[in-house]
Q: 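Before we start, here is the structure in question, set down as structure tokens.
Naming convention: chains lettered A, B, ... in sequence-line order (proteins, then strands); numbering from 1 in each chain.
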There are 2 protein chains.
Amino acid sequence: MTLDERKRKILESIIKDYVETAEPVGSRAVVKKHDLKVSAATVRNEMADLEEMGYLEQPHTSAGRIPSQMGFRYYVDCLMEKENLDEQEFESLQNVLRENLQERDNLIEDIAHFLSQVTNYASFVILPTVKFNEFKNLQIIPVEKGKALLLVVTDMGMIMHRKIGIPESMEVEELQAVARAFTQIFGSKKLDKIRRGDLQQIRDALKQRRNVIDNALEAIDNLLKNSKNEKVMISGTLNILNEPEFKDLDKLKRILTVLDEDGPLKNIIPELVGDNVDIRIGRENQNEDINEMSLVFAGYKSFGEMGKIGVIGPVRMEYWKAAGTVESVRDFLEELFKQRF
Amino acid sequence: MTLDERKRKILESIIKDYVETAEPVGSRAVVKKHDLKVSAATVRNEMADLEEMGYLEQPHTSAGRIPSQMGFRYYVDCLMEKENLDEQEFESLQNVLRENLQERDNLIEDIAHFLSQVTNYASFVILPTVKFNEFKNLQIIPVEKGKALLLVVTDMGMIMHRKIGIPESMEVEELQAVARAFTQIFGSKKLDKIRRGDLQQIRDALKQRRNVIDNALEAIDNLLKNSKNEKVMISGTLNILNEPEFKDLDKLKRILTVLDEDGPLKNIIPELVGDNVDIRIGRENQNEDINEMSLVFAGYKSFGEMGKIGVIGPVRMEYWKAAGTVESVRDFLEELFKQRF
DNA sequence: GATTAGCACTCATGCGGAGAGAGTGCTAAC
DNA sequence: GTTAGCACTCTCTCCGCATGAGTGCTAATC
């Protein structure tokens with residue numbers, strides 16, 4: 001379905017106005033603000049057409065029009081021009097990163113914060129699960145009497161660690177031998193391919209120092225379990241309180257509930273297709289609780305695995321800004337990770 | 001100011017009723033529900049007295065009474081009996097812990113979650129800053145080409161770590177020498193006594209391998225900065241949405257804003273006095289934004305440092321349950337930390 | 001002197017109807 | 001194809017009234 005120039009212009013006007021004001025837009029307003037060369041009556045006729053085609057809807061007979069979700073979809077697909085970070089925002093992004101380059105998790109949290117601050121929507125960052133990294137080596141470092149730190153290092157340079165108990169009498173060399181044995185047995189296996197059975201196998205192979213082995217196995221098991229969970233960070237959920245469409249407490253509660261916990265959100269974010277910024281408008285989302293919300297998100301790579309960042313806001317969203325921002329931040333982040341992690 | 005038996009009973013009745021219903025309590029209701037042996041008229045007289053004394057207040061002339069903040073204070077000080085975790089709750093607490101004994105931070109997060117689930121209020125856990133731990137030793141572990149893990153271990157067994165870059169050519173022995181030097185120079189210093197100046201000093205002392213030293217110093221600096229920040233975890237803020245006193249959107253927004261970010265909350269929680277559960281009711285809190293909220297909190301010890309846990313809810317709070325729960329969880333947690341960390 | 005029944009009074013709350021205002025659709029003229 | 005004009009529709013807000021809960025006070029009672 002393709003629209004002629006004038007219809008497109010009218011649709012865009014209505015979307016821009018409606019996004020700004022959250023009020024139905026009347027024919028007069030369209031003519032005035034975007035000085036079309038035609039009268040309100042003409043615009044009214046066009047609006048009636050657009051409604052019939054499904055791009056607009058009317059809350060009630062004597063109100064103006066608002067864009068339908070389909071209208072937004074058309075806008076996003078055919079009319080939108082992404083608005084990337086401006087200079088000032090870009091600089092402030094760089095500052096965020098400069099502060100926090102040491103720890104990936106902190107950094108990612110700040111990225112989420114930045115996203116929600118710039119867009120005024122809620123934002124999320126999903127840390128990747130560790131699936132494709134390969135086990136590279138395992139170390140056990142004694143740190144104090146009876147305690148050691150177990151490190152698992154992957155081929156992509158990711159480090160995971162747990163504290164374990166060791167017998168006080170144990171020599172460093174002995175620990176190293178155990179670690180080497182582990183390394184040898186797991187070597188080059190993809191992390192998500194290590195199964196409980198494999199762990200058991202090692203237990204049988206290494207006869208000496210049973211309890212260290214057991215402690216280590218428990219720790220590894222725990223690490224793997226942990227790395228299989230996608231960690232989710234959500235920021236700026238309270239921006240939703242400012243949106244007039246959620247002044248209804250019940251609606252608000254439902255949405256905040258979804259955003260408050262990690263579990264639901266993970267299920268909401270769809271799998272990505274391709275490298276582009278992806279947009280899901282309202283009912284395009286599977287989840288019922290957020291069929292009045294839109295997602296704008298993209299994937300990023302870190303330690304060879306895919307994570308996601310994005311924003312979530314009302315259907316009446318500044319898609320141009322959101323999409324541009326998500327894209328800019330993603331690109332920046334990836335560039336950074338390429339150098340760093 | 002001491003109240004006679006009957007006044008106490010009436011006050012308590014009104015508090016219990018009001019906490020449950022959030023509605024002003026009338027004289028008839030008091031007589032009926034808590035079968036006093038007197039008539040409504042008598043209760044009315046007593047209520048008028050209690051109001052004059054400041055324990056009750058009247059939203060408007062033809063409404064019942066609600067407890068004043070002073071009334072709640074009296075209740076908490078003189079009438080309340082803490083209600084500790086029941087068996088079932090206790091068991092579910094143990095399950096939470098069993099799941100997550102490996103990592104302190106995860107565990108603490110689950111504790112916060114548990115608290116808010118049991119009490120139906122928002123809860124918070126503040127991880128202690130590291131002030132009194134002493135520097136014990138420093139290790140640098142090569143993990144892959146050009147990368148090493150720097151570990152700082154304290155006398156209480158706390159381990160902090162950062163990844164640093166090292167020259168690819170560097171030998172393990174050389175790294176160990178650097179680490180030993182660090183250990184020697186910082187040895188037994190309290191962490192919060194290590195200053196930028198000290199770091200500079202080391203830089204001068206160790207002439208060899210400048211860039212490793214610099215990387216290590218940056219990492220240590222970063223770790224120390226990080227450990228000086230109290231980390232705050234907040235959970236169950238959405239429970240507030242269920243409280244009728246916050247159906248007003250503006251009020252809600254103000255409160256959620258305070259609870260959403262770590263910064264404000266840190267400033268709200270007062271210093272603890274003694275080992276007891278501490279209760280701050282409404283305006284007893286300094287912060288204006290939460291003068292309609294109450295805090296119930298207590299301190300816990302971990303790695304020799306003090307952290308805090310607690311709940312935050314409306315002044316109309318089930319103090320008996322909240323205080324009992326916070327106390328039970330704190331005791332349990334401390335017992336656990338004594339064995340574990 | 002304390003307690004109680006009775007009653008007038010107060011005030012929040014909910015409901016319905018009137019009036020204003022915004023915006024439409026339709027018709028007829030350009 | 002476009003436009004001016006106009007009747008019509010529907011929401012929103014404000015006002016007044018009835019309702020009902022709960023009080024305070026007075027006078028009677030234990």
Q: So, taking the atom named CD1 in B:Ile268 and the one named CG in B:Leu295, what distance separates them when rounded to the nearest 0.5 Å?
A: 7.0 Å
Q: Do any pairs count as a salt bridge (charged side-chain N to carboxylate O under 4.0 Å, His left out) and have a residue in residues 309-322 of chain B, sequence neighbours left out, and if so which ones?
A: B:Glu89-B:Lys321, B:Glu243-B:Arg316, B:Glu245-B:Arg316
Q: Let me know, please, whether B:Pro59 or B:Thr42 comes out on the 5' side of the other along DNA chain C by nearest nucleotide.
A: B:Thr42
Q: For A:Tyr75 and A:Trp320, take the angle between the two ring planes, folded into 0 to 90°, and tell me which bin it lands in: parallel under 30, tilted 30 to 60, perpendicular over 60.
A: perpendicular
Q: Using the test side-chain contact (heavy atoms from CB on, under 4.5 Å), find all partners of B:Arg8 that sit at least two apart in sequence or belong to another chain.
A: B:Leu3, B:Glu5, B:Tyr74, B:Leu79
Q: Dump the pairs, protein N or O against N or O of nucleotides 15-19 of chain D, anything under 3.5 Å, distances to one decimal.
A:
none

Q: Pick from B:Arg6, B:Arg65, B:Lys9: which one makes a salt bridge (charged side-chain N to carboxylate O under 4.0 Å, His left out) with B:Glu46?
A: B:Arg6
Q: Quick one, give me the B/S/- string for nucleotides 17-30 of chain C, reading 5' to 3', where B means a protein heavy atom under 4.0 Å from the base and S means that only happens at the primed atoms, P, OP1 or OP2.
A: -----BSBB-----
Q: Let's go through B:Tyr319 and B:Phe72 carefully: what are the C-alpha distance in whole Å and the side-chain angles of both, what is the deciding distance for ring pair (Phe, Tyr, Trp, His ring centres under 6.0 Å) to 0.1 Å, and is it a yes or a no?
A: CA-CA 9 Å; B:Tyr319 293 99; B:Phe72 277 113; 5.6 Å; yes
Q: Indicate yes or no for a side-chain donor-acceptor contact from B:Gln69 to the backbone of B:Asn291 under 3.5 Å, with no hydrogens or angles considered.
A: yes
Q: Tabulate atom names and distances for all N/O pairs under 3.5 angstrom spanning the protein and nucleotides 27-30 of chain D.
A:
none

Q: Rounded to whole Å, how long is the line connecting atom NZ of A:Lys7 with atom C1' of D:dT2?
A: 14 Å
Q: Just how far, in rounded Å, is P of D:dG22 from OH of B:Tyr18?
A: 15 Å
Q: Would you kindly give the CD-to-P distance between A:Glu23 and D:dT11, to the nearest whole Å?
A: 15 Å
Q: Test B:Asn242 against B:Asn120 for side-chain contact (heavy atoms from CB on, under 4.5 Å), laying out the working first.
A: CA-CA 9 Å; B:Asn242 297 319; B:Asn120 284 314; over 6 Å; no
Q: Only pairs at least two apart or in different chains count here, so list each side chain to side chain donor-acceptor pair (under 3.5 Å) that has a residue in residues 20-33 of chain A.
A: A:Ser27-A:Arg44
Q: For a 4.5 angstrom cut-off between non-hydrogen side-chain atoms, does B:Ile255 reach B:Asp289?
A: no
Q: How close do B:Arg280 and B:Glu271 get, counting heavy atoms only, and between which atoms?
A: NH2-O, 4.0 Å
Q: Give the rounded distance in Å between these two atoms: CD of B:Glu57 and P of D:dG22.
A: 18 Å
